[in-house]
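Only one structure is covered here, and it is reproduced in the block below.
This is a predicted model, so every value here is computed, not measured. The analysis underlying the following values was restricted to heavy atoms, covering all of them including side chains, and did not include hydrogens, waters or symmetry mates.
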Amino acid sequence: MTAAAPSFALQVRNLRKAYKDVLAVDGLDLEVRAGECFGLLGPNGAGKTTTMEICEGLTAADSGELEMLGMRWDSDAAPLRQRLGVQLQDTQLADKLTVLETVRLFRSFYRAGPTPTEVIALVQLEEKAKSRVGNLSGGQKQRLAMACALVGDPDFLFLDEPTTGLDPQARRQLWDLIEKFKASGRTILLTTHYMDEAERLCDRIAIMDRGKIIALGTPRELIASIGVEHVVEFSAGSTAKPLDISALRHIDGVREVRHENGSVQMLVTELHRAVPTLLDELSRQGTPLTELRTHSASLEDVFVTLTGRHLRDE
């Protein structure tokens, strides 16, 4: 008996979008399964936000096909909007309105959904219901933006960098909200600049660069794809003779060596062999070690390996 084919909440085929001076989305193919949290990662300028805006119906593609929840923007725009929730990268809300008035306004756009009071309770803003938006903290404004995205009881939720600029406690509060939404069996498309956020929330991740998807899989699959288990990072004191980086590349089990901002990073397969050999090599070169750190390979290491850039590089 064969397994049933996965049900897709979003299918994109050969999507293209060009602006005057840049090809933002370059023949993109993407499938998001119903009920999953799908992460779209990439450096600034990779085309993530443009892709999201096309899927949300805010920007028209130059070419390609897009089907979401079995509908298309060119023929089903009105019913499709009723089933989507959108939190933009920078949500601008009226400072003079109260939290309750803001949620009530957004609730009026939808035929069905929870009451404004229920949504305010869901995002834990009951004590601020009568406060003006302009008096809220950054974390409270983000939770209010989430309330506005959830007020129509959506089947598909778009979150474009929902926790950027928030303190750790505010981020975790939003994570809890996102996980509750996902637990209800609905679908999320998420962009983020935080790798720990992507690893915690996302079932699958696509890494995007220069308008194309260059890697796709679960967080564990992507980490395994670079063929290393650990990262060794160290800093060395100044000496008359520069550190010979090429010698580090010949250490057994070292797959890659990077040198940037005064720090050396080595991707290794066997930590217990690489570290003693590294210490011996530094001693041989007469280079004093000032700092040494190790960690298991992460999505950040995958990202740098594939793109040559850190996720949060400008």
Side-chain angles (χ1 to χ4, degrees), residues 6-13 15 17 24-25 28-41 47-61 64-93 102-116 118-120 122-123 141-164 174-175 177-192 201-206 208:
S7 173
F8 294 109
L10 172 66
Q11 291 180 290
V12 172
R13 293 284 180 270
L15 200 67
K17 179 65 179 180
V25 183
L28 186 78
D29 292 329
L30 179 66
E31 292 180 330
V32 177
R33 296 169 184 158
E36 76 174 335
C37 180
F38 189 97
L40 194 59
L41 306 185
K48 307 183 306 297
T49 295
T50 299
T51 299
M52 292 274 279
E53 290 177 347
I54 292 171
C55 294
E56 294 160 352
L58 300 177
T59 298
E65 297 183 1
L66 187 153
E67 184 174 292
M68 186 162 37
L69 302 176
M71 295 180 282
R72 297 173 181 267
W73 281 113
D74 56 0
S75 57
D76 310 294
L80 195 48
R81 287 193 180 95
Q82 291 294 316
R83 297 180 62 185
L84 303 183
V86 176
Q87 182 175 355
L88 300 174
Q89 190 174 120
D90 185 17
T91 303
Q92 298 293 328
L93 300 171
T102 301
V103 177
R104 187 179 291 148
L105 172 65
F106 275 78
R107 176 64 185 85
S108 70
F109 302 152
Y110 297 93
R111 291 190 295 268
T115 67
E118 289 172 335
V119 178
I120 289 171
L122 179 65
V123 300
K141 287 180 179 178
Q142 287 290 75
R143 278 188 278 155
L144 177 57
M146 179 70 79
C148 295
L150 295 176
V151 76
D153 196 25
D155 295 310
F156 199 121
L157 182 63
F158 290 93
L159 300 174
D160 195 356
E161 298 182 22
T163 65
T164 296
L174 275 179
W175 288 356
L177 281 174
I178 293 167
E179 287 176 330
K180 286 179 182 177
F181 182 87
K182 176 185 162 185
S184 68
R186 289 171 285 185
T187 309
I188 302 167
L189 181 59
L190 167 78
T191 72
T192 179
L201 298 176
C202 297
D203 299 296
R204 291 190 304 143
I205 291 168
M208 190 172 181

For a quick test of reading the model, state the closest non-hydrogen atom pair linking Gln142 to Thr163 and the distance between them. NE2-N, 4.0 Å

Shortest non-hydrogen separation from Asp153 to Pro114 and the atoms involved: CB-CD, 3.9 Å

Heavy-atom closest pair, residues Lys17 and Ala61: CD-CA, 4.4 Å

Ala149 and Pro154 have their tightest heavy-atom pair at O-CG, 3.5 Å

Can you find a pair of side-chain heavy atoms, one from Leu174 and one from Arg143, that are under 4.5 Å apart? yes

Output for pair (Cys37 SG, Leu159 CG), nearest 0.5 Å, gives 7.5 Å

Give me the atom names and distance for the closest heavy-atom approach of Glu56 to Trp73. O-CZ2, 3.1 Å

For residues Glu53 and Leu88, determine if any side-chain heavy atom of one lies less than 4.5 Å from a side-chain heavy atom of the other. no

Pairwise side-chain contact, Gln11 with Glu65, heavy-atom cut-off 4.5 Å (strictly under): no

Begin from the C-alpha positions of Met68 and Leu80 and carry the test side chain to side chain contact (heavy atoms under 4.5 Å, CB included) through to its verdict. CA-CA 8 Å; Met68 186 162 37; Leu80 195 48; 4.1 Å; yes

Would you give the length of the straight line joining atom SG of Cys55 to atom CG of Leu40, rounded to the nearest 0.5 angstrom? 8.5 Å

Determine the minimum heavy-atom distance between Leu177 and Leu122, stating which atoms define it. CD2-O, 3.0 Å

State, with a plain yes or no, whether a side-chain heavy atom of Pro116 is found less than 4.5 Å away from one of Val119. no

Note: Lys182-Asp203 ion pair, threshold 4.0 Å (strictly below): yes

Can you tell me how far apart CG (Leu157) and CZ (Phe181) are? Round to the nearest 0.5 Å. 4.5 Å

Donor-acceptor pair, side chain of Glu31 and main chain of Phe8, under 3.5 angstrom: no

Does the side chain of Thr187 reach to within under 4.5 Å of the side chain of Asp155, using non-hydrogen atoms? no

To the nearest 0.5 Å, what is the distance between CG (Leu69) and CZ (Phe156)? 7.0 Å

Quick check for you: to the nearest 0.5 Å, what is the distance between Ile188 atom CD1 and Cys202 atom SG? 8.5 Å

Are any of the side-chain heavy atoms of Phe38 and Leu10 separated by less than 4.5 Å? no

Side-chain heavy-atom pair Thr191, Thr49 within 4.5 angstrom cut-off: no

Heavy-atom side-chain contact between Gln87 and Glu161 under 4.5 Å: no

Reported NZ-to-CG distance for the pair Lys180 and Leu150, which is rounded to 0.5 angstrom: 11.5 Å

As a quick check of understanding, evaluate side chain to side chain contact (heavy atoms under 4.5 Å, CB included) for Val123 and Leu144, giving each step before the final call. CA-CA 7 Å; Val123 300; Leu144 177 57; over 6 Å; no

Counting only N and O atoms by type, is there a donor-acceptor contact under 3.5 Å from the side chain of Thr51 to the main-chain atoms of Gly47? yes

